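Written out below as structure tokens is the structure these notes cover.
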Number of protein chains: 2
Amino acid sequence: MDDGHSLLQPALFRLKSGAQVRAGWMAHDLPFLTRSLRFLMRADSDMLRREMALEPGEIGIIGLLAENPGISQNDLAMSLVLKKSAVTKLVQGLEKRGLLDRQRSESDRRSNELTLTAAGREKARAVHLRVAELHRDWFAGIPPRDQAVFFSVLFRVVATMAERSGEAAAMDGGGSDD
Amino acid sequence: MDDGHSLLQPALFRLKSGAQVRAGWMAHDLPFLTRSLRFLMRADSDMLRREMALEPGEIGIIGLLAENPGISQNDLAMSLVLKKSAVTKLVQGLEKRGLLDRQRSESDRRSNELTLTAAGREKARAVHLRVAELHRDWFAGIPPRDQAVFFSVLFRVVATMAERSGEAAAMDGGGSDD
DNA sequence: TATTGTTATACTCTATAACTATA
DNA sequence: TATAGTTATAGAGTATAACAATA
């Protein structure tokens, strides 16, 4: 399970006080590491959103919409691991600000077909560029090859778990979300 | 920045409806991926905590305490990226249940020296084993070499950001946490 | 009867700040 | 004056559930 990399130099936190804290097996604890990461990224994420005039969650909507024009709110929610009630609020906010367009589907008039407006596409491009800058900062000093492996593994794990979660949710009478 | 791995087969979400959603650059968006991961892991994490009779956040306390007996609550908070007020509550709960011992330091009577009790050390071992099982499940199909790279990069990014965050916080008059 | 999307309410975790005690 | 820890209160992000419209 562990070979080479982080075992030779045991994983340490070096605190500002000078103290060194040994991470032990927590260095391989995914819930712990992802939670820490989320909090540590937050200052940068908040700054990015302020610059881009976006609310929490809107980047995901815009990012997927740029690649999947016409997608429904349900598919958006599944992909982003959001409740459909959360997607409703996010989509309404973005529509009000002219960044996306919402139309009833003609083939199934229950569902909405979402597309980015020209302003929305421009916003998506700008966000993408700034996000890439942040990542260059966060991953400074990490070899590009390792970065590629990292994201490949991370996405694969997320996508696999999302599929499993979707299957499990499909079993009961619609308790997947909300 | 991107070479090889996930670009040849474009990153896709395969939904239960059969729809395929292209992730685009979101496949490399760390805030998005870590947030998704946290939600997808939650069912398993909740089950683990119920089995172990632990509250959210207590695994991190126990895990670091097992490796760093005598650590202070402040150092614990810095390492776990928690507010010291949150650590106070977690530590109190664990002490009440006889899993850890809290003693005033003799060299600096403001600070507490925390150690696991025998029951606490046993709990740490049990949690470690179950966490490892969950990880085997989550990373099924990922080559061990890639897993090692993944965790090495993840921990390095977290530790580096935590150090920077600690430095920045040390600049102002004590606004690091709480 | 099942599904898409909407709305309103409740809850959990975290942030903030004021406080005590030691240094 | 600065730091370790405690406590209480307010806030953001989600969860839950009831609803309307369509299939």
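We name chains A, B, ... by the order of the sequence lines, and we start the count at 1 in each one. Only this structure's heavy atoms are used, side chains among them; waters, hydrogens and symmetry mates stay out. Just so it is clear, the model here is predicted, and its values are computed rather than measured.
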Original post:
Nearest-Å distance, CG (B:Leu82) to C1' (C:dC13)?
Top reply: 11 Å
Original post:
Has the side chain of A:Arg109 got a donor or acceptor that lies under 3.5 Å from a partner of the other kind on the base of D:dT22?
Top reply: no
**OP:** Nearest whole angstrom, please: distance from the P of D:dT22 to the CD of A:Gln103.
**Re:** 16 Å
Original post:
Among D:dT16, D:dA23, C:dT3, which nucleotide sits nearest the side chain of A:Lys83?
Top reply: D:dT16
**OP:** In whole angstrom, give the distance that lies between atom NZ of A:Lys89 and atom P of C:dT6.
**Re:** 12 Å
**OP:** Measure from CD on A:Gln92 to C1' on C:dA8 and round the result to the nearest Å.
**Re:** 13 Å
**OP:** Write down the distance between CD1 (B:Ile71) and C1' (D:dA4), rounded to a whole number of angstrom.
**Re:** 14 Å
Original post:
Could you state the CG-P distance from A:Leu90 to C:dG5, rounded to the nearest angstrom?
Top reply: 14 Å
Original post:
Taking the side chain as C-beta and beyond, is there a heavy-atom pair between B:Leu64 and A:Val21 under 4.5 Å?
Top reply: yes
**OP:** For A:Val81 and for A:Ser105, locate the closest nucleotide of DNA chain D by heavy-atom distance; then report the residue assigned to the nucleotide nearer the 5' terminus.
**Re:** A:Val81
Original post:
Does A:Arg35 make a cation-pi contact with A:Phe32 (under 6.0 Å, within 45 degrees of the axis)?
Top reply: no
**OP:** Return the nearest nucleotide to the side chain of A:Ser85; candidates are C:dT16, C:dA8, C:dG5.
**Re:** C:dA8
Original post:
At under 4.0 Å between heavy atoms, what does A:Ser72 touch on the DNA or RNA strands: base, sugar-phosphate, or nothing?
Top reply: sugar-phosphate
Original post:
Which part of the nucleic acid does B:Arg38 contact within heavy-atom distance under 4.0 Å: base, sugar-phosphate only, or nothing?
Top reply: nothing
**OP:** With heavy atoms under 4.0 Å as the rule, sort A:Ser111 into base, sugar-phosphate or nothing.
**Re:** sugar-phosphate
Subject >> Minimum-distance nucleotide (side-chain atoms of A:Gln73 versus D:dT14, C:dT6, D:dG13) >> reply: C:dT6
Original post:
Do A:Leu82 and B:Leu15 sit in the same hydrophobic cluster, where Ile, Leu, Val, Met, Phe, Trp and Tyr count as joined when their side-chain heavy atoms come under 4.5 Å apart?
Top reply: yes
Subject >> Rounded interatomic separation in angstrom, taking CZ from B:Phe32 and P from D:dG13 >> reply: 17 Å
**OP:** Take B:Ala86 and A:Asn112, find for each the nucleotide of DNA chain C with the closest heavy atom, and name the residue whose nucleotide sits nearer the 5' end.
**Re:** A:Asn112
Original post:
When the ring centroid of B:Trp138 is compared with that of B:His135, is the distance short of 6.0 Å?
Top reply: yes
**OP:** Can you figure out which of C:dT22, C:dA15, D:dA23 approaches the side chain of B:Arg110 most closely?
**Re:** C:dT22
Original post:
Can you list the steps and then say if A:Ile62 with A:Leu54 is a side chain to side chain contact (heavy atoms under 4.5 Å, CB included)?
Top reply: CA-CA 10 Å; A:Ile62 289 179; A:Leu54 292 173; 3.9 Å; yes
**OP:** Take B:Glu106 and A:Arg42, find for each the nucleotide of DNA chain C with the closest heavy atom, and name the residue whose nucleotide sits nearer the 5' end.
**Re:** A:Arg42
Original post:
Out of C:dG5, C:dA23, D:dG5, which nucleotide sits closest to the side chain of A:Thr88?
Top reply: C:dG5
Original post:
Just how far, in rounded Å, is C1' of D:dT16 from NZ of A:Lys84?
Top reply: 12 Å
